[in-house]
Amino acid sequence: MRYRRPKGTHDVLPSEVRSWRAVEDTFARVCARYRYQELRTPIFEDTDLFVRSVGEDTDIVSKEMYTFEDKGGRSLTLRAEGTAPTVRAFIEDNLQGQDRERLVKLYYLTPVFRQDRPQAGRFRQHHQAGVEALGSLDPGVDAEVIDLSLTFYREVGIEGVRLLINSVGCPNCMTAYVEKLKASVADRLDEMCPDCQRRYETNPLRLLDCKRERCREITSAAPSILDELCDQCAEHFAQVQAHLDALGIAYEINPRIVRGLDYYTKTAFEFTHDALGAQDSIGGGGRYDGLVEQCGGPPTPGVGVGIGLERVLLVREALGVSDEDEERAGVFVVTLGDEAWLPGYQLLHELRQAGFAAGIDYRHRSIRAQLRYADNEGYAHAVILGGDEIAKGVATVRDMTSGEQTEVPRPKLLSHLEG
RNA sequence: GUGGGCGUAGCUCAAUGGUAGAGCACCGGACUGUGGCUCCGGUGGUUGUGGGUUCGAAUCCCAUCGCCCACCCCA
């Protein structure tokens, strides 16, 4: 095999496209219902956009980005996540207009590139469906984004989604909390794993995220961020819960949800599903009230979610969700012998011009082979043209479901098929 | 990046050192101009690749590539 697809990437085969379409169309439909508008941004951006928004010290930026230089010496990076490019466009294209209080609601479907080691549910190119709501601090918007996500999961046929929520506070309470966290861990730091010892200096919040039993045990003694939130953040988190409660949305509060992107403030949440293996997160997001300003725009709060489409597809498969069978459609032109070929070929063109899906057998095989093919390919009708039909100026129309056949005069063929 | 498992026909898998097979799919026939059911027959493999051990390797050893799973991280 001379060429292979790059590691961690996938070809979406014709047989798989239907479920992709079903999921993508459902997402677009749900977004339209919640009044989010589609935004398409480039597949690559200035490297600096991701570095400064996601955070220099995150795994995504420090080891997973596909970064390259163009001929002008600019450093560019393949889309490593969805929020930063959306925020960039929000600012650059002035999507908010003059009304700086206006809520701008955007959605996207996009490939995302990260160079991890592939495994179940993890790819180097995956696809995310996401929404971003920019311009409101209202906790009802946090809940709306969560509600939209859950509606999407339900409408693609996924039951059993678990919602985990947390608040990571604002820069003020977060800084104060980080100090307390470090203090509580400090005297046992030498017992922790090398990663955590590094995190202690570079990104202490991530200490809470470590999966090692020893580290978990040590951090379990640490204060919860939820106890350290400032009044504003605590109130916002309470209000998010009140809004979720009002919608009857079940959730678990999990103070260990930190998320791997540095721009999050206040609300952070994650959707998981038990049908998946180790990579059980099927979506995640949160609030990022400082990001727009940090990227050079006017101070603007925001909240959003990213949903992994491959994982959604995996869950659907595990749950046995099936897409509707495609109905039989189209007309297959069966020609018998040389004299019927060109008339059949003309009919094929005529059918297509009239809007029918239509096909023919370029192998000139037996009628048996042609009908078998038409059956396998899901045609609704076969039109048989042989010596008899040509002589009589008719065509034989066979209904591929019932097997009924009728002789139809050539001039009336199209109207007969339409009826 | 670290560790483990697995690579045999288009697909799912047999064959444990001695002639590479089955089911499904595909093609043809029974049915000379009629698909689906049944029966019969057929096409299809440099056993991922390279090297080694052996009289003999799909099988054992080494290397390499690929895939899968876990760690890590995330969607």
Side-chain angles (χ1 to χ4, degrees), chain A residues 1-10 13 15 54 58-64 79-83 109-130 149 153 193-196 198-199 203 206 209-213 215 257-261 269-273 276-285 304-315 328 332 334-337 340 361 363 365-390 396-405:
Chain A
M1 197 85 61
R2 188 96 170 76
Y3 297 111
R4 298 171 187 276
R5 66 181 93 89
K7 184 194 275 286
T9 64
H10 285 281
L13 304 178
S15 58
V54 174
T58 59
D59 282 14
I60 291 179
V61 167
S62 65
K63 50 191 191 198
E64 295 173 2
R79 213 155 206 249
E81 60 106 39
T83 301
L109 286 153
T110 180
V112 171
F113 304 86
R114 288 178 207 165
Q115 192 164 351
D116 321 19
R117 182 89 166 245
Q119 69 176 83
R122 192 167 75 189
F123 314 100
R124 290 186 170 182
Q125 175 177 349
H126 74 277
H127 296 77
Q128 284 192 23
S149 307
Y153 293 133
C193 70
D195 283 338
C196 280
R198 182 177 47 78
R199 290 181 188 123
N203 199 345
R206 300 221 62 92
D209 224 21
C210 189
K211 308 266 189 319
R212 285 170 216 275
E213 206 175 317
C215 299
I257 300 285
V258 169
R259 317 240 359 109
L261 301 94
F269 59 88
E270 206 166 297
F271 302 101
T272 65
H273 200 286
L276 261 28
Q279 310 301 322
D280 65 351
S281 169
I282 56 173
V305 64
I307 294 170
L309 294 186
E310 280 82 358
R311 291 188 188 167
V312 165
L313 262 347
L314 285 170
V315 172
R328 284 189 172 273
F332 191 79
V334 176
T335 67
L336 303 172
D361 178 27
R363 286 187 284 180
R365 289 179 300 176
S366 69
I367 184 170
R368 174 200 307 286
Q370 293 191 51
L371 283 172
R372 184 172 53 226
Y373 181 80
D375 185 33
N376 286 343
E377 295 291 306
Y379 283 92
H381 297 278
V383 172
I384 301 168
L385 278 182
D388 300 350
E389 285 83 0
I390 302 282
T396 299
V397 176
R398 181 177 179 85
D399 183 309
M400 292 303 288
T401 307
S402 66
E404 274 171 40
Q405 295 196 169

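Order of the sequence lines fixes the chain letters, A, B, ..., with proteins taken first and strands second; residue numbering starts at 1 for each chain.
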For [Y], is there any backbone N or O sitting under 3.5 Å from a side-chain donor or acceptor partner on [X]?
X        : Y        : value
A/Glu81  : A/Thr83  : yes
A/Arg114 : A/Ile60  : no
A/Gln370 : A/Thr335 : yes

For [N] versus [M], give the span between their [atom1] atoms, rounded off to a whole number of Å.
N      : M      : atom1 : result
B/rA63 : B/rG21 : P     : 32 Å
B/rA25 : B/rG10 : C1'   : 7 Å
B/rG1  : B/rA57 : C1'   : 36 Å
B/rU19 : B/rG29 : C1'   : 30 Å
B/rA75 : B/rG35 : C1'   : 45 Å
B/rU54 : B/rU12 : C1'   : 33 Å
B/rU53 : B/rC71 : C1'   : 36 Å
B/rG66 : B/rC24 : C1'   : 26 Å

Between the base of B/rC74 and the side chain of A/Arg311, is there a donor and acceptor pair under 3.5 angstrom?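 Between B/rC74 and A/Arg311, which were checked side chain against base, a qualifying N/O pair under 3.5 Å is present.
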Side-chain donor or acceptor of A/Arg122 under 3.5 Å from a matching atom on the base of B/rC69?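 When only heavy-atom distances are counted, A/Arg122 does not reach the base of B/rC69 through any donor-acceptor pair under 3.5 Å.
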Supply the atom-to-atom distance [X] [atom1] to [Y] [atom2], rounded to the nearest 0.5 angstrom.
X        : Y        : atom1 : atom2 : answer
A/Leu313 : A/His127 : CG    : NE2   : 10.5 Å
A/Glu404 : A/Arg398 : CD    : CZ    : 10.0 Å
A/Arg79  : A/Gln125 : CZ    : CD    : 12.0 Å

Pick from A/Val383, A/Ile367, A/Asp361: which one makes a side chain to side chain contact (heavy atoms under 4.5 Å, CB included) with A/Val334?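 Answer after filtering A/Val383, A/Ile367, A/Asp361: A/Ile367.
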Name the closest nucleotide to the [X] side chain, picking from [options].
X        : options                : answer
A/His126 : B/rA75, B/rU34, B/rC71 : B/rA75
A/Ala278 : B/rG33, B/rC71, B/rA75 : B/rC71
A/Leu336 : B/rA75, B/rC71, B/rG33 : B/rG33
A/Gln119 : B/rC74, B/rA70, B/rU34 : B/rA70

Is [X] touching bases, backbone alone, or none of the nucleic acid, heavy atoms closer than 4.0 Å?
X        : result
A/Gln405 : base
A/Thr401 : base
A/Gly337 : nothing
A/Phe123 : base
A/Leu309 : nothing
A/Gly82  : nothing
A/Asp59  : sugar-phosphate
A/Arg328 : base

Locate the shortest heavy-atom distance separating [X] from [Y]; write the atom from each residue and the value.
X        : Y        : answer
A/Ile282 : A/Tyr153 : O-OH, 2.9 Å
A/Ser281 : A/Glu270 : OG-CG, 3.6 Å
A/Leu371 : A/Met400 : O-CE, 3.8 Å
A/Gly8   : A/Pro118 : CA-CG, 3.7 Å
A/Leu385 : A/Ala340 : O-CB, 3.3 Å

I need the [atom1]-[atom2] distance between [X] and [N], as an integer number of Å.
X        : N      : atom1 : atom2 : result
A/Asp388 : B/rG33 : CG    : C1'   : 8 Å
A/Ile367 : B/rG36 : CD1   : C1'   : 15 Å
A/Arg117 : B/rC67 : CZ    : P     : 10 Å
A/Glu81  : B/rC74 : CD    : P     : 12 Å
A/Asp361 : B/rG33 : CG    : C1'   : 15 Å
A/Leu276 : B/rC69 : CG    : C1'   : 13 Å

Of A/Gly387 and A/Gln115, the one whose closest RNA chain B nucleotide lies more 5':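 Looking at RNA chain B, the more 5' nearest nucleotide goes with A/Gln115.
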On RNA chain B, compare the nucleotides closest to A/Ala120 and A/Ile384; which residue's is nearer the 5' end?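 So the residue in question is A/Ile384.
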Let's go through A/Glu64 and A/Thr58 carefully: what are the C-alpha distance in whole Å and the side-chain angles of both, what is the deciding distance for side-chain contact (heavy atoms from CB on, under 4.5 Å) to 0.1 Å, and is it a yes or a no? CA-CA 9 Å; A/Glu64 295 173 2; A/Thr58 59; over 6 Å; no
Any N/O pairs under 3.5 Å between the protein and nucleotides 45-49 of chain B? List them or say none.
none

Quick one, A/Leu309 with A/Leu109, criterion side-chain contact (heavy atoms from CB on, under 4.5 Å). Give me CA distance, side-chain angles, the key distance, then yes/no. CA-CA 9 Å; A/Leu309 294 186; A/Leu109 286 153; 3.8 Å; yes
Tell me, what's RNA chain B's dot-bracket, Watson-Crick or G-U with both distances under 3.5 Å, | for other-strand, [ ] crossing? (((((((..((((....[..)))).(((((.......))))).....(((((..]....))))))))))))....
Can A/Arg328 and A/Asp375 be counted as an ion pair, charged N to O under 4.0 angstrom?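 Yes, this pair counts.
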Can you pull every protein N or O that's under 3.5 Å from an N or O on nucleotides 5-12 of chain B?
none

A/Thr396 versus A/Glu389, side-chain donor and acceptor atoms under 3.5 Å: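 Yes, because at least one side-chain N or O of A/Glu389 sits under 3.5 Å from a partner of the opposite role on A/Thr396.
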May I have the step-by-step check of side-chain contact (heavy atoms from CB on, under 4.5 Å) for A/Phe269 and A/Val305, ending in yes or no? CA-CA 9 Å; A/Phe269 59 88; A/Val305 64; 3.7 Å; yes
Hey, what's the ring geometry for A/Phe332 with A/Tyr373, parallel, tilted or perpendicular (30° and 60° as the breaks)?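 Ring orientation, 0 to 90° scale: tilted.
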Can you list everything that forms a ring pair (Phe, Tyr, Trp, His ring centres under 6.0 Å) with A/Phe113? Sequence neighbours excluded, please.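 Once residues adjacent in sequence are excluded, A/Phe113 has no partner under the ring pair (Phe, Tyr, Trp, His ring centres under 6.0 Å) criterion.
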In residues 375-383 of chain A, what residues come within less than 4.0 Å of RNA chain B, judged by heavy atoms?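 Output list: A/Asp375, A/Asn376.
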Report all interatomic pairs (protein N or O, nucleotide N or O of nucleotides 28-32 of chain B) with separations under 3.5 Å.
unit_1 : atom_1 : unit_2   : atom_2 : d
B/rG28 : OP2    : A/Arg372 : NH2    : 2.1
B/rC31 : O2'    : A/Arg368 : NH2    : 2.5

A/Lys63 side chain N/O closer than 4.0 Å to the phosphate oxygens (OP1, OP2) of B/rG1?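 No, A/Lys63 has no side-chain N/O under 4.0 Å of OP1/OP2 on B/rG1.
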